[in-house]
Amino acid sequence: MDYKEFFVDLDIIKLKIFFDEKKNKILKTEIIDDNLRNFNKSKNFISESIKKYFYGDIDKFDLSLINFDEMRNFQKDTLIKLSEIPRGKVITYKGLAESVGKEKAYRAVGTSLARNPFPIIIPCHRVIKSNLDVGNFGKRMDLKIKLLKFEGIIFQNDNFISKEFVL
């Protein structure tokens, strides 16, 4: 498979982008260790779109740039529905399952999000537990909290989100 790799520096995180130039599609994104110093940042249409989305200059990322081809329908539907959650809001795993018409599939939603190949672009950090606990983000709960605070989410205490931010 032919693809191009480039990096996007979003100040609080860095992303590695895998981009298929022939299809004009993002194949996946990876969050890169903050301590990585020597990488070539790229300025192109994709990186600028990601920055505009991340910083709230646009409300929704253009999903036509995402390659969903390798996904099963449930994961694709879940990620597309998740992309509709606005900046500054969160949804529970159960709420997301209900929104894709599978109200009891909240564990499957969690699995789909754990396998999200497009972190940040498809904002899986905006999904929380029903008890308002922030939940997991791989092994980086601290990064999830940092991202949510960056988006304006207020916490009741350590890991619990204030109810008014939940859809």
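The shown structure was predicted, so the numbers you read here are calculated from the model rather than taken from an experiment.
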Residues at least two apart in sequence or cross-chain that pass side chain to side chain donor-acceptor pair (under 3.5 Å) with Asp62, listed by chain then number, are Ser64

Side-chain polar contacts of residues 96-115 - donor-acceptor pairs under 3.5 angstrom, sequence neighbours left out - could you list them?
{"from": "Ser99", "atom 1": "OG", "to": "Leu96", "atom 2": "O", "distance (Å)": "2.7"}
{"from": "Thr111", "atom 1": "OG1", "to": "Arg107", "atom 2": "O", "distance (Å)": "3.2"}
{"from": "Ser112", "atom 1": "OG", "to": "Ala108", "atom 2": "O", "distance (Å)": "3.2"}

Rounded to the nearest 0.5 angstrom, the CG-CG distance for Asp59 and Asp57 is 10.0 Å

Could you list the donor-acceptor pairs under 3.5 angstrom formed by side chains in residues 153-167, with sequence neighbours left out?
{"from": "Ser162", "atom 1": "OG", "to": "Ile154", "atom 2": "O", "distance (Å)": "3.3"}

- Do other residues, nucleotides or ligands put more than 12 heavy atoms under 6.0 Å from the NZ atom of Lys60? yes

Checklist entry - Would a 4.5 Å heavy-atom cut-off, applied to side chains only, mark Leu10 and Lys51 as touching? => result yes

(message) With a 6.0 Å cut-off on the ring centroids, do Tyr3 and Phe18 count as close?
(response) yes

Exercise. Would you say Lys89 has more than 12 foreign heavy atoms packed within less than 6.0 Å of its NZ?
Worked result: yes

message: Is there a continuous path of hydrophobic side-chain contacts, each under 4.5 Å between heavy atoms, that joins Ile145 to Leu143?
response: no

Is there a side-chain contact (heavy atoms from CB on, under 4.5 Å) between Phe137 and Cys124? Walk through the geometry before answering. CA-CA 8 Å; Phe137 191 62; Cys124 51; 3.8 Å; yes

Okay, side chain of Arg87, backbone of Phe54: is any donor-acceptor separation there less than 3.5 Å?
-> yes

Nearest heavy-atom contact between Asn24 and Phe19 is OD1-CZ, 3.0 Å

The reported gap from CD1 in Ile121 to CD1 in Ile66 (rounded to nearest 0.5 angstrom) is 4.5 Å

So, do Ile17 and Leu27 sit near enough that their side-chain heavy atoms are less than 4.5 Å apart? no

**Q.** Parallel, tilted or perpendicular: rings of Tyr53 and Phe61 (30°, 60°)
**A.** perpendicular

Is it true that, when you exclude Lys25 itself, more than 12 heavy atoms of the residues, nucleotides or ligands shown sit nearer than 6.0 Å to its NZ?
yes

So do the side chains of Glu30 and Pro119 get within less than 4.5 Å of each other, counting heavy atoms only? no

Rounded to the nearest 0.5 Å, the CG atom of Asn116 sits from the CG atom of Leu82 at a distance of 7.0 Å

Non-hydrogen side-chain atoms of Tyr55 and Asp11 separated by less than 4.5 Å | yes

Within the structure provided, determine whether Leu148 and His125 are in side-chain contact (heavy-atom separation under 4.5 Å).
yes

In sequence, state the C-alpha distance, the side-chain angles, and the governing distance for Glu151 and Lys149, and then conclude on salt bridge (Lys or Arg N to Asp or Glu O under 4.0 Å). CA-CA 5 Å; Glu151 293 183 357; Lys149 285 182 176 179; over 6 Å; no

In terms of heavy-atom contacts, Ser49 and Ile58 come closest through O-CD1, 3.9 Å

Side chain Lys144, main chain Val127, donor-acceptor under 3.5 Å: yes

| request: Would you kindly confirm whether Leu132 and Ile91 end up in one hydrophobic cluster when ILVMFWY residues are joined by side chain heavy atoms under 4.5 Å apart? | output: no

The reported gap from CZ in Phe6 to CG in Leu15 (rounded to nearest 0.5 angstrom) is 9.5 Å

- Message: Is there a side-chain contact (heavy atoms from CB on, under 4.5 Å) between Leu79 and Met71? Walk through the geometry before answering.
- Response: CA-CA 10 Å; Leu79 295 181; Met71 288 183 197; 3.5 Å; yes

Are the side chains of Lys14 and Val8 in contact, using a 4.5 Å heavy-atom criterion?
no

* Sub-3.5 Å donor-acceptor pair from the side chain of Arg126 to the main-chain atoms of Ile85, do we have one? -> yes

Do the side chains of Ile80 and Thr78 get nearer than 4.5 Å, heavy atoms only? no

Scanning both residues in full, the closest heavy-atom pair of Ile122 with Phe68 reads CD1-CZ, 4.4 Å

Between the CD1 atom in Ile46 and the CD1 atom in Ile26, the distance rounded to the nearest 0.5 Å is 4.5 Å

Here the gap from Asp20 atom CG to Asp69 atom CG, rounded to the nearest 0.5 Å, amounts to 9.5 Å

Main-chain N/O of Lys129 paired to Thr92 side chain as donor or acceptor, under 3.5 Å | no

